[in-house]
Amino acid sequence: MYIVQIASECAPVIKAGGLGDVVYGLSRELDNRGHCVELILPMYDCMRYDHIWGMHEAYRDLWVPWYGGAIHCSVFYGTVHGVKCFFIQPHSGDNFFNRGHYYGALDDHFRFAFFSKAALEFLLKSNKRPDIIHCHDWQTGLIPVMLYEMYKFHGMDRQRVCYTIHNFKHQGITGIDVLWATGLNNDLYYLNYDRLQDNFNGSAINLMKGGIVYANYVNTVSPHHAWEARFENEGYGLGHTLEVHQQKFGGILNGLDYSIWSPEVDRYIPTQYGVEDFELKVQNKKALRERLLLRDEDKPLIAYIGRLDDQKGVHLVHHAMYYAMARNAQFVLLGSATAPDINSWFWHEKQHLNHNPDVHLELSFNEELSHLIYAGADMFVVPSNYEPCGLTQMIALKYGTVPIVRGVGGLINTVFDKDYDQFHRPEERNGYVFFQTDSSALESAMHRALELWYTNREGFYQLAKQGMRYDYSWNDPGDKYLEVYDFIKA
Ligand SMILES: Nc1ncnc2c1ncn2[C@@H]1O[C@H](COP(=O)(O)OP(=O)(O)O[C@H]2O[C@H](CO)[C@@H](O)[C@H](O)[C@H]2O)[C@@H](O)[C@H]1O
């Protein structure tokens with residue numbers, strides 16, 4: 001099958017979070033199975049060019065219609081660790097992708113609407129006719145809309161779209177100007193409840209809703225979150241739209257690329273290990289402590305890695321840090337915040353705890369360090385408010401780092417409580433789960449994990465090894481996406 005993925009991220013060249021991992025991992029999986037997979041991405045100034053091989057200009061004069069005129073673009077081609085990628089570079093005063101960051105500009109809706117338009121225009125002009133176009137999140141929500149309302153009439157009538165939602169909170173709610181910019185124009189037609197009109201703001205369009213309405217198949221990234229999005233408030237206002245389109249909506253759990261995320265082959269950790277030689281893991285704990293100048297004593301080490309965002313339950317992350325200290329454990333945090341208040345809160349904490357030999361806050365994005373933390377920590381907290389899938393708990397499991405998670409979204413599909421899980425036998429359980437959003441709920445789960453570490457070390461290691469035996473690779477999700485593609489293919 002010929003599959004083109006269109007997305008705003010692809011790890012490790014462009015990674016702000018889990019979207020990048022998934023776009024890369026799924027593409028590689030499908031490629032390994034013999035399918036032809038190509039990616040179309042924006043050519044950001046700040047992406048990691050050191051991960052692109054053989055970059056060269058592949059299409060010189062791509063003129064992308066935009067408002068009444070057209071924007072001149074070049075398309076570059078290169079491979080990212082084996083995955084074929086096209087990068088779109090517009091030459092215009094708007095500097096859409098030369099902002100020094102991926103997201104967070106005031107004109108983000110225009111930047112990614114332009115990207116969506118340019119990606120389709122590139123497919124059209126270069127005569128690429130994939131069986132499946134797979135696009136992701138609000139940034140590419142307009143792709144199925146433009147495909148079915150415009151490009152279909154220019155010879156792209158056999159392309160089918162799978163649309164994956166990684167985060168319902170960010171939907172791309174914007175004014176009708178975007179319709180005029182992209183040439184969809186007819187605002188009365190699109191500003192309709194059955195099409196792009198936002199479900200709550202009648203004069204705004206919602207790009208994610210457009211993706212849901214027009215795509216041939218829509219999914220979010222775990223079965224439980226698919227349920228939450230429809231029946232609880234986790235669809236952030238799109239619940240009714242999902243209800244209307246329920247026959248083409250589902251949940252497919254993300255996978256992990258174990259050629260990158262496995263302690264047996266990880267290039268970024270000093271000592272590789274697996275279930276059989278689990279005792280070597282402690283060497284990475286030592287290396288992590290050395291690197292972060294933490295005291296080397298017989299104490300458990302608890303970690304958090306992730307965006308510092310309301311979604312991630314930052315108040316509980318903060319609480320976990322102080323609870324760890326109160327329980328004579330160590331805590332390492334690697335995260336970055338985009339919201340100024342959360343950012344300054346954690347910088348303040350960092351200064352306050354700077355000389356504490358049991359805590360380290362690393363407030364940056366650091367892919368290499370994240371590997372050492374997964375390998376070096378004993379426990380890993382994920383106290384999210386909501387979590388469509390969550391990759392960090394799955395990575396932690398693979399590294400024998402016991403996850404302590406809140407029971408929401410994909411966390412509930414992947415972590416099974418050692419003491420209370422009712423659906424898995426004791427030897428299949430792999431972590432700790434709590435449900436409420438208050439600090440005592442978190443404390444009770446952390447307490448159970450710490451007690452096991454302090455009073456029954458062998459039992460704790462046994463639990464860690466049970467986690468390592470789970471297979472959260474792309475094997476199974478790869479099958480599921482291919483079933484979807486087969487089902488919708490023309
Ligand atoms: N400061 C930092 N330094 C280095 N690495 C860092 C880092 N902060 C985060 N990471 C890495 O980024 C990834 C984050 O994965 P998450 O599942 O938490 O994704 P996120 O919430 O961004 O994305 C959304 O999409 C993904 C993918 O579908 C869903 O799993 C998730 O639930 C949904 O919210 C992990 O690989 C993690 O190691």
Side-chain angles (χ1 to χ4, degrees), residues 5 7-12 14-26 48 102-103 134-139 163-170 208 219-226 228-229 234 236 251-258 260-262 266 268 303-314 317 332-338 342-343 346 350 360-375 377 380-399 401 403 405-406 408-415 472 474 477 481:
Q5 300 227 34
S8 55
E9 293 183 34
C10 171
I14 308 165
K15 172 166 168 176
L19 169 63
D21 290 304
V22 170
V23 169
Y24 175 79
L26 176 60
R48 293 202 42 184
Y102 302 132
Y103 312 120
H134 191 159
C135 44
H136 302 263
D137 270 352
W138 73 264
Q139 290 87 347
Y163 181 53
T164 300
I165 297 172
H166 301 260
N167 199 333
F168 277 101
K169 189 164 179 195
H170 306 286
M208 182 173 275
N219 75 294
T220 186
V221 286
S222 70
H224 189 67
H225 193 61
E228 291 172 337
E234 304 292 322
Y236 284 88
I252 300 178
L253 192 73
N254 284 332
L256 285 182
D257 186 336
Y258 282 155
I260 295 168
W261 295 112
S262 166
D266 195 323
Y268 294 124
Y304 171 82
I305 299 174
R307 293 179 294 108
L308 294 169
D309 181 284
D310 277 338
Q311 172 192 346
K312 301 293 179 185
V314 273
V317 172
V332 170
L333 177 149
L334 169 62
S336 50
T338 40
I342 299 178
N343 189 39
F346 276 86
K350 182 176 167 65
H360 185 91
L361 281 79
E362 188 68 35
L363 301 179
S364 63
F365 193 92
N366 188 332
E367 181 86 10
E368 287 80 0
L369 177 61
S370 76
H371 287 250
L372 182 58
I373 297 176
Y374 286 116
F380 194 92
V381 286
V382 193
S384 305
N385 275 323
Y386 72 94
E387 197 61 79
C389 175
L391 300 177
T392 60
Q393 84 284 5
M394 299 202 287
I395 303 174
L397 283 168
K398 185 68 181 167
Y399 284 73
T401 303
V405 308
R406 186 156 169 260
V408 286
L411 298 170
I412 226 172
N413 290 129
T414 49
V415 181
Y472 290 127
W474 278 104
Y481 276 109

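Start at 1 and go down the list; that is how both ligands and their atoms are numbered.
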Nearest non-hydrogen protein atom, [atom]:
{"atom": "atom 35 (C) of ligand 1", "answer": "Asp21 OD2, 3.7 Å"}
{"atom": "atom 9 (C) of ligand 1", "answer": "Gly306 CA, 3.6 Å"}
{"atom": "atom 32 (O) of ligand 1", "answer": "Glu387 OE2, 2.5 Å"}
{"atom": "atom 37 (C) of ligand 1", "answer": "Tyr374 OH, 3.5 Å"}
{"atom": "atom 3 (N) of ligand 1", "answer": "Asn366 N, 3.0 Å"}
{"atom": "atom 2 (C) of ligand 1", "answer": "Phe365 CD1, 3.5 Å"}
{"atom": "atom 30 (O) of ligand 1", "answer": "Gly390 N, 2.8 Å"}
{"atom": "atom 19 (O) of ligand 1", "answer": "Gly18 N, 3.1 Å"}

Have a look at ligand 1 and work out which part of [X], if any, has a heavy atom under 4.0 Å from it: side chain, backbone, both or neither.
{"X": "Glu362", "answer": "neither"}
{"X": "Ser364", "answer": "backbone"}
{"X": "Leu369", "answer": "neither"}

Based purely on interatomic distance, does [X] place a nitrogen or oxygen under 3.5 Å from a nitrogen or oxygen of ligand 1?
{"X": "Asn254", "value": "yes"}
{"X": "Leu391", "value": "yes"}
{"X": "Lys312", "value": "yes"}
{"X": "Cys389", "value": "yes"}
{"X": "Val22", "value": "no"}
{"X": "Thr392", "value": "no"}

Any side-chain donor paired with an acceptor under 3.5 Å for [X] and [Y]?
{"X": "Ser370", "Y": "Tyr268", "value": "no"}
{"X": "His224", "Y": "Asn413", "value": "no"}
{"X": "Tyr24", "Y": "Gln5", "value": "no"}

| request: Could you label the plane-to-plane angle of the Tyr386 and His225 rings as parallel, tilted or perpendicular, counting under 30° as parallel and over 60° as perpendicular? | output: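 Parallel, since the angle between the ring planes stays under 30°.
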| request: Classify the ring geometry between His371 and Tyr399 as parallel (under 30°), tilted (30 to 60°) or perpendicular (over 60°). | output: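 Rings of His371 and Tyr399: perpendicular, over 60°.
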| query | Could Lys398 and Tyr472 be counted as a cation-pi pair, given that NZ or CZ must be under 6.0 Å from the ring centre and within 45° of the axis? | reply |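 So Lys398 doesn't make the cation-pi contact.
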| message | Between Tyr258 and Trp474, is the ring centroid distance below 6.0 Å? | response |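 No, they do not, as the ring centres are separated by 6.0 Å or more.
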| Are Tyr481 and His134 an aromatic pair by the rule of ring centers under 6.0 Å? |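 When the ring centroids of Tyr481 and His134 are compared, they turn out to be within the sub-6.0 Å range.
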| Checking side chain to side chain donor-acceptor pair (under 3.5 Å) against Thr164, which of Asn254, Asn219, Asp137, Thr220 comes through? |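 With Thr164 as partner, Asn254, Asn219, Asp137, Thr220 yield a single side chain to side chain donor-acceptor pair (under 3.5 Å), made by Asn219.
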| task | From the options His225, Arg307, Met394, Glu368, select the one whose nearest heavy atom is closest to atom 22 (O) of ligand 1. | result |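 Selected option, by shortest heavy-atom distance: Arg307.
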| said: For atom 12 (O) of ligand 1, tell me which residue out of His371, Gln393, Lys15 has the closest non-hydrogen atom. | reply: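 The residue whose heavy atom sits nearest atom 12 (O) of ligand 1 is Lys15.
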| field | Pairing of Glu387 and Lys312 as salt bridge, 4.0 angstrom limit | value |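 Answer for the salt bridge query: yes.
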| said: Taking Glu368 first and then Arg48, would you say they form a salt bridge - that is, a charged N and a carboxylate O separated by under 4.0 Å? | reply: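 Answer for the salt bridge query: yes.
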| Exercise: identify the closest heavy-atom pair between Arg406 and Leu411 |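 Smallest heavy-atom distance, with atoms named: O-CD1, 3.2 Å.
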| So do the side chains of Leu19 and Ser8 get within less than 4.5 Å of each other, counting heavy atoms only? |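 Contact flag for Leu19/Ser8 side chains = yes.
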| said: List ligand 1 atoms under 4.0 Å from Gln311, heavy atoms only on the residue side. | reply: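 Result: 21 (O), 34 (O).
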| For ligand 1, which atoms have a heavy atom of Gly335 less than 4.0 angstrom away? |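 Those qualifying, in numeric order: 1 (N).
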